[in-house]
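In listed order, ligands and their atoms are each counted from 1. For clarity, every value in this text was computed on a predicted model and none was experimentally measured.
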Amino acid sequence: MTSPLEPILRRLILENGPIDIATYMNLCLTHPEHGYYTSANHVFGRQGDFTTAPEISQLFGEMIGFWVADLWTQMGKPSSFILAELGPGRGVLMRDILRILSRVPSVMGAARVHLVEVSERRIAEQAQTLQGHDVTWHDTIDDLPIDAPLVVINNEFFDALPVRQIVKTENKIEEVVVGLSGAGRFQLGRVPCAFPGAELITGVNEISSACDTAAQLLFERIQKQTGAVLTIDYGYDAPTGQSTIQAVRGHARCEFLETPGQADLTALVDFAALKGRAKVAGLSVQGPMGQGDFLRNLGIQTRADKVCAAAVHDDQRRDILSGLYRLTDPSQMGTLFRVLCAYHGPASMKPAGFI
Ligand code: SAH
């Protein structure tokens with residue numbers, strides 16, 4: 001089946017010439033009618049195209065719930081704080097966080113839940129998952145309230161933001177672009193490009209103005225409002241000089257240029273850049289560290305044992321143990337997924353999980 005985004009992209013390229021990768025990714029993921037996140041019925045879980053940590057096991061969100069409760073205590077138990085999540089998918093992570101917070105009425109009473117999400121379809125799913133909770137949605141980070149400390153959680157949000165690719169070969173600097181072949185098919189090409197700081201780069205460099213803008217905004221907010229940003233994502237601690245773009249459809253890799261708008265496109269997150277931005281904004285930083293170590297430091301094994309002991313069926317016990325393995329083992333998500341926390345608050349504050 002051809003994708004309805006194809007003629008739109010083709011026309012854009014015919015009229016303006018080849019487009020950069022970020023423009024292509026942006027349209028594929030968030031075109032108002034035909035973008036992947038905006039139009040797909042099922043994105044996450046078994047029925048969808050990929051499975052994220054909160055969709056794998058309740059243990060993930062529960063550990064983040066304990067983390068939030070601990071941070072709130074370290075912040076001096078403010079009577080009100082903004083608990084925000086960026087790109088919440090189906091809302092499962094926030095649901096699991098709130099299940100843990102609800103055991104401590106004082107933190108639950110203080111938390112005001114705000115979600116940042118571009119897609120109406122995803123908002124409808126999130127509203128269903130979070131039924132019974134008081135939740136406010138925003139299109140952009142900019143719209144989050146400014147009148148209280150801010151705790152921001154995000155899992156696989158930054159990797160969904162578009163990147164441009166700048167390539168340095170010998171003494172040439174070029175940008176990767178999407179153009180059309182003689183037969184009218186999408187194809188990758190390169191155009192010369194002026195890039196400030198080019199002497200510092202080697203190989204393929206991915207730059208994301210969407211990522212930079214989001215990070216800068218968040219970190220400035222934390223500096224002013226106090227609080228923390230906890231980022232969990234597929235990424236690297238230092239750039240590799242390689243392309244990290246991936247296209248996934250139906251739990252399998254597919255071609256970046258095929259079926260635009262019908263596959264999930266991601267690029268690994270540059271944690272060195274995020275960390276640098278947090279420091280420039282005057283924040284303290286912990287990490288990046290592997291998701292496996294982070295969750296183990298938070299006590300995921302003890303939590304798994306407890307949930308298993310309370311489980312009625314063997315199936316449940318098997319699910320918990322396989323979830324624990326997938327979330328933490330280095331061969332699974334334990335190492336490739338990185339965790340970073342940028343924060344600002346009382347001098348003694350140190351977010352849990354980082355040793
Ligand atoms: N955090 C979820 C889903 C990750 S997928 C999980 O772990 O399961 C990325 C999410 O970010 C989706 O909900 C998508 O609709 C949303 N999203 C993508 N681009 C966005 C943008 N520019 N602004 C806000 N949300 C965005």
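- Listed by atom number, the atoms of ligand 1 under 4.0 Å from Thr52 heavy atoms are 6 (C), 7 (O), 8 (O).
- With respect to atom 18 (C) of ligand 1, the closest heavy atom belonging to the protein is Tyr37 CD1, 3.7 Å.
- When hydrogens are left out, the protein atom nearest atom 9 (C) of ligand 1 is Glu156 O, 3.5 Å; that is the closest non-hydrogen contact.
- Considering CD1 of Ile232 and OG1 of Thr52, their distance stands at 10.5 Å, rounded to 0.5 Å.
- A heavy-atom separation below 4.0 Å is found between Leu161 and ligand 1.
- Atoms of ligand 1 found under 4.0 Å from any heavy atom of Gly89, numbered from 1 in the order shown, are 2 (C), 3 (C), 13 (O).
- Across all their heavy atoms, Val178 and Ile13 have their closest contact at O-CD1, 3.6 Å.
- Ring geometry for Phe81 versus Trp72: interplanar angle of 30 to 60°, hence tilted.
- Residues Ser208 and Arg164 bring no donor and acceptor atom of their side chains to less than 3.5 Å of each other.
- Looking only at heavy atoms of the protein, atom 13 (O) of ligand 1 is closest to Glu117 OE1, 2.7 Å.
- The closest donor-acceptor contact from the side chain of His251 to the backbone of Gly48 lies under 3.5 Å.
- Remark: among candidates Phe60, Phe44, Phe158, Phe157, the nearest residue to atom 5 (S) of ligand 1 is Phe44, based on non-hydrogen atoms.
- Asp212 and Ser209 are not linked by any side-chain donor-acceptor pair at a separation below 3.5 angstrom, with hydrogens and angles left out of the test.
- Close approach of ligand 1 to Arg122 is summarised as follows: ligand atoms under 4.0 Å from at least one heavy atom of the residue are 15 (O).
- Atom CG of Leu14 has more than 12 heavy atoms from other residues, nucleotides or ligands within 6.0 Å.
- Of the N or O atoms in Phe50, none lie within a sub-3.5 Å distance of an N or O in ligand 1.
- Scanning the protein for heavy atoms near atom 26 (C) of ligand 1, the closest one is Val118 CG2, 3.4 Å.
- Among protein heavy atoms, the minimum distance from atom 11 (O) of ligand 1 is reached at Gly87 CA, 3.2 Å.
- Residue contacts with ligand 1 leave out Leu29, since none of its heavy atoms falls under 4.0 Å from the ligand.
- Checked by atom type, the side-chain pair Glu117/Tyr37 shows no donor-acceptor distance below 3.5 Å.
- Contacts between Pro54 and ligand 1, counted as non-hydrogen atom pairs separated by less than 4.0 Å, involve the side chain only.
- Of all the atoms in ligand 1, the ones that sit under 4.0 Å from a non-hydrogen atom of Asn155 are 1 (N), 2 (C), 4 (C), 6 (C), 7 (O).
- Looking at Glu175 and Arg190, no side-chain N of the basic residue comes within less than 4.0 Å of a carboxylate O on the acidic one, giving no salt bridge.
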